[in-house]
Amino acid sequence: MTEAFEFPIQRLAELEKTVALVYDRFADRFPEDRDFWLRLRNEEYEHEAILNNIQTLQQDVQVTTKSPSEFSDEVATMMIGKIQSLLDEAHRQELTRKEALAIALQLEQSAGEFHFRCICNSHQKQMDKYPQLWKNDFEHSARIRTHLEETMHP
């Protein structure tokens, strides 16, 4: 029995774009860290493009295995909403550099990367084409931790 792909790829791409907007906001807010934030932002936009490419590749493809993840459109919508609220909050209040880095780390450890694991469980053949994606996913949290450490202990 063949099942249609169940992950909301377009919603996941939207999630990447929303995280990129957070990083863009932080780049404007913290000029001393501008290059750091812009690099993360650009990589999130690259992830969005990859997801859009996966969606295009799979439009006519039936998936024969179903990922064990329960990730759904509702979860993506909730995550995007929370990140959008974070953007609104960040605009209204002054965050410290440490708080911005902690927010970014939380994003990367939770919503920011989980969806790629979901897709890869079902679409390993397609994901093999994107080794840079995997590298970036795992590096984001590490880079944020390092930057946080350097910022707090110059």
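- The closest side-chain heavy-atom distance from Lys98 to Thr151 is not below 4.5 Å.
- Atom-to-atom distance recorded for Phe36:CZ and Tyr23:OH is 8.0 Å, nearest 0.5 angstrom.
- Within the 4.5 Å cutoff, the side chain of Glu16 has no heavy atoms near those of the Glu46 side chain.
- With salt bridges taken as basic N to acidic carboxylate O contacts below 4.0 Å, one links Arg39 and Glu43.
- Ser85 contributes atom OG, which lies 12.0 Å from atom CD1 of Ile80 (distance to the nearest 0.5 angstrom).
- In this structure, CG on Asn42 lies 11.0 Å from NE2 on His47, to the nearest 0.5 angstrom.
- Here the straight-line distance linking atom CG of Asn52 with atom NZ of Lys17 works out to 9.5 Å at 0.5 Å rounding.
- Leu21 and Leu40 fall within the same hydrophobic cluster, defined by Ile, Leu, Val, Met, Phe, Trp and Tyr side-chain heavy atoms under 4.5 Å apart, directly or through other members.
- Note on Leu38 and Leu101: separate hydrophobic clusters, where clusters join Ile, Leu, Val, Met, Phe, Trp and Tyr whose side-chain heavy atoms are under 4.5 Å apart, directly or indirectly.
- Judged by distance alone, the side chain of Asn53 and the main-chain N or O of Ala49 form no donor-acceptor pair under 3.5 Å.
- Atoms CD and CD, from Glu48 and Glu14 in turn, are 9.0 Å apart once rounded to the nearest 0.5 Å.
- With rounding to the nearest 0.5 angstrom, the CZ atom of Arg97 is 4.0 Å from the CG atom of Asp33.
- Look at Arg143 and Glu108 and you find no salt bridge, because none of the NZ, NE, NH1 or NH2 atoms lies under 4.0 Å from a carboxylate O.
- Minimum interatomic distance between Ala100 and Trp37 (heavy atoms only, all atoms of both residues): O-CH2, 3.7 Å.
- Glu99 places a side-chain N or O within donor-acceptor distance of the main-chain N or O of Thr96, the cut-off being under 3.5 Å.
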